[in-house]
S.K.: 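A single structure is presented below for examination.
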Protein chains: 2
Amino acid sequence: MTKCSEIRQPLREELFLPRVLHALSDPVRMEIVLKIARAGQVACGAFDIPMPKSTLSHHFKVLRESGVVASRREGNELINSLRLEDLETRFPGVVQAIIAAGSR
Amino acid sequence: MTKCSEIRQPLREELFLPRVLHALSDPVRMEIVLKIARAGQVACGAFDIPMPKSTLSHHFKVLRESGVVASRREGNELINSLRLEDLETRFPGVVQAIIAAGSR
DNA sequence: CGTCCAATTCGAGTTTTATCGAACTATCTT
DNA sequence: AAGATAGTTCGATAAAACTCGAATTGGACG
């Protein structure tokens, strides 16, 4: 039965700037975020980062719990996207500027 | 005579975005940065943060080493300022947006 | 059902970070 | 030179974070 996953992600009002910045302060996670930003939607498995899946999963967890990334199940993979609307509403310009700077 | 201090601070080209974000990901340091942003120049002693001086000093060190803050000696106190020019040059909009969001 | 596939969870090991008090350095003042 | 003030450095401790392999969950499909 498709029980909708309990991927806990903070509500928009719960977003906390230091937590978001911490999530983005790791180079691996920054790379993940940049790839999602470029592609729009990326499954967890689509990152060719030389690293065990458990470690990658940890980084996705941090990104999710900080509210940077939203993940939804589709078949048997997780599709990740950036929560740009929520982030821009709460912290206008911050994530956009970071992505732009990181992409240079 | 004011001997030029040996406070090591990274050159503009050495600024590293994840390091900057990490520096800003601590609530205490964020508070420090916001106060400097408001006042322009603030001595280390001017922060009424209920915390030992050694701990505060640690946070200033992190801010300095990440390149967020510049400190110069003036008499027997250290005056702190934000390295906005360098930061904006390397990471346009990032720190500005963070300060604006943090000030809300 | 059994198997494959995607991703998470668990447990452990290592590293980094935050915090604090005590001792120290540098500068100014008298 | 002595004392006061502003910050830093040191050493220790505790909490948090990153990494990894092994075991596990959830869904798709024959």
Side-chain angles (χ1 to χ4, degrees), chain A residues 1-9 16 18-33 35-36 39 41-81, chain B residues 1-9 16 18-33 35-36 39 41-81:
Chain A
M1 274 309 73
T2 312
K3 160 106 94 52
C4 213
S5 58
E6 331 64 38
I7 301 176
R8 54 138 151 147
Q9 287 160 171
F16 183 50
R19 204 169 170 87
V20 168
L21 298 180
H22 171 256
L24 296 170
S25 72
D26 181 282
V28 174
R29 291 194 291 264
M30 177 68 92
E31 192 179 334
I32 292 174
V33 166
K35 175 150 184 170
I36 300 178
Q41 314 255 61
V42 191
C44 293
F47 296 82
D48 49 355
I49 298 178
M51 182 168 275
K53 294 178 72 170
S54 58
T55 303
L56 266 188
S57 188
H58 160 73
H59 286 305
F60 279 107
K61 185 179 177 188
V62 173
L63 287 169
R64 245 171 248 136
E65 292 183 342
S66 68
V68 173
V69 162
S71 307
R72 65 171 205 287
R73 182 137 224 146
E74 196 145 304
N76 56 3
E77 52 183 24
L78 282 185
I79 307 295
N80 302 284
S81 56
Chain B
M1 262 313 63
T2 311
K3 201 243 295 228
C4 212
S5 58
E6 333 65 33
I7 301 174
R8 53 139 153 148
Q9 287 160 173
F16 183 50
R19 203 171 171 86
V20 169
L21 297 180
H22 172 255
L24 296 170
S25 72
D26 180 281
V28 174
R29 291 193 291 265
M30 178 68 91
E31 191 180 336
I32 292 174
V33 166
K35 175 150 185 171
I36 300 178
Q41 314 255 65
V42 190
C44 292
F47 295 83
D48 50 355
I49 298 178
M51 183 168 274
K53 295 176 68 172
S54 58
T55 303
L56 266 188
S57 187
H58 160 72
H59 287 304
F60 278 107
K61 184 179 178 190
V62 173
L63 287 168
R64 245 172 248 135
E65 292 183 341
S66 68
V68 172
V69 162
S71 307
R72 65 170 204 286
R73 183 138 227 142
E74 197 145 303
N76 59 358
E77 52 184 24
L78 283 184
I79 307 295
N80 301 282
S81 56

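A note on names: the letters A, B, ... follow the listed sequences, proteins ahead of strands, and every chain is numbered from 1.
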S.K.: Does Cys44(B) offer a backbone N or O that forms a donor-acceptor pair with the side chain of Lys53(B) under 3.5 Å?
M.R.: no
S.K.: Of the nucleotides dT9(C), dG21(C), dC18(D), which has the atom closest to the Ser54(B) side chain?
M.R.: dG21(C)
S.K.: Compare all side-chain heavy atoms of Arg64(B) with those of Leu78(B) and state whether any distance is below 4.5 angstrom.
M.R.: yes
S.K.: Looking at side-chain heavy atoms only, is the closest gap between Ile49(A) and Thr55(A) below 4.5 Å?
M.R.: no
S.K.: At under 4.0 Å, does any side-chain N or O of Arg29(A) touch on OP1 or OP2 of dC18(D)?
M.R.: yes
S.K.: Please pick, from dA7(C), dC20(C), dC18(D), the nucleotide with the shortest atom-to-atom distance to any side-chain atom of His22(A).
M.R.: dC18(D)
S.K.: Quick one: are Ile32(B) and Val42(B) in side-chain contact, heavy atoms under 4.5 Å?
M.R.: no
S.K.: If you only use heavy atoms from C-beta on, which nucleotide in dC20(D), dC18(D), dA6(C) is closest to the side chain of Asn76(A)?
M.R.: dA6(C)
S.K.: Between dC24(C) atom C1' and Lys53(B) atom NZ, what is the distance in whole Å?
M.R.: 12 Å
S.K.: Can you tell me the distance, in whole Å, between the CZ atom of Arg72(B) and the P atom of dA6(D)?
M.R.: 17 Å
S.K.: Between His58(A) and dC10(C), is there a contact of a side-chain N or O with OP1 or OP2 at under 4.0 Å?
M.R.: no
S.K.: Between dC18(D) atom P and Met30(A) atom CE, what is the distance in whole Å?
M.R.: 14 Å
S.K.: Provide, to the nearest angstrom, the distance between the CZ atom belonging to Phe60(B) and the P atom belonging to dT19(C).
M.R.: 13 Å
S.K.: To the nearest angstrom, how far is Glu77(A) atom CD from dA28(D) atom C1'?
M.R.: 11 Å
S.K.: Ignoring the backbone of Arg64(B), work out which of dT19(D), dT8(D), dA18(C) is nearest its side chain.
M.R.: dT8(D)
S.K.: Expressed as a whole number of angstroms, how long is the span from Arg19(A):CZ to dA17(D):P?
M.R.: 8 Å
S.K.: Which pairs pass ring pair (Phe, Tyr, Trp, His ring centres under 6.0 Å) with one or both residues in residues 49-74 of chain B, sequence neighbours excluded?
M.R.: Phe47(B)-Phe60(B)
S.K.: Where each residue is assigned the nucleotide of DNA chain D containing its nearest heavy atom, which of Pro52(A) and Gly75(A) is assigned the position nearer the 5′ end?
M.R.: Pro52(A)
S.K.: For dC20(C) and Thr55(B) - does any side-chain N or O of the residue sit under 4.0 Å from the phosphate oxygens OP1/OP2?
M.R.: yes
S.K.: So which of Val20(B), Asn80(B), Val68(B) actually passes side-chain contact (heavy atoms from CB on, under 4.5 Å) with Leu63(B)?
M.R.: Val68(B)
S.K.: State, to 0.1 Å, how close Ala23(B) and Arg29(B) come at their nearest heavy-atom pair, and which atoms those are.
M.R.: O-NE, 2.7 Å
S.K.: Can you tell me which nucleotide in dT8(D), dT19(D), dC20(D) comes closest to the side chain of Ser57(B)?
M.R.: dT8(D)
S.K.: In this structure, how many angstroms lie between the C1' atom of dT8(D) and the CD atom of Glu65(B), rounded?
M.R.: 12 Å
S.K.: How close do Leu21(A) and Leu24(B) get, heavy atom to heavy atom, and via which atoms?
M.R.: CD1-O, 3.6 Å
S.K.: With nearest nucleotides of DNA chain D determined for Cys44(B) and Asp26(A) from heavy-atom distances, which residue corresponds to the more 5′ nucleotide?
M.R.: Cys44(B)
S.K.: Can you check the Asn80(A) CG to dA6(C) P distance for me, whole Å?
M.R.: 14 Å
S.K.: Just N and O in the side chain of Arg73(B): are any of them under 4.0 Å from OP1 or OP2 of dG7(D)?
M.R.: no
S.K.: Starting the side chain at C-beta, find the nucleotide from dT8(C), dA18(C), dT19(D) nearest to Met51(A).
M.R.: dT19(D)
S.K.: By nearest atom, which of the nucleotides dA7(C), dA22(D), dC18(D) is closest to the Leu78(A) side chain?
M.R.: dA7(C)
S.K.: Can you run through DNA chain C from 5' to 3' and write each base as (, ), [, ], | or . depending on how it pairs? Watson-Crick or G-U wobble, both distances under 3.5 Å.
M.R.: ||||||||||||||||||||||||||||||
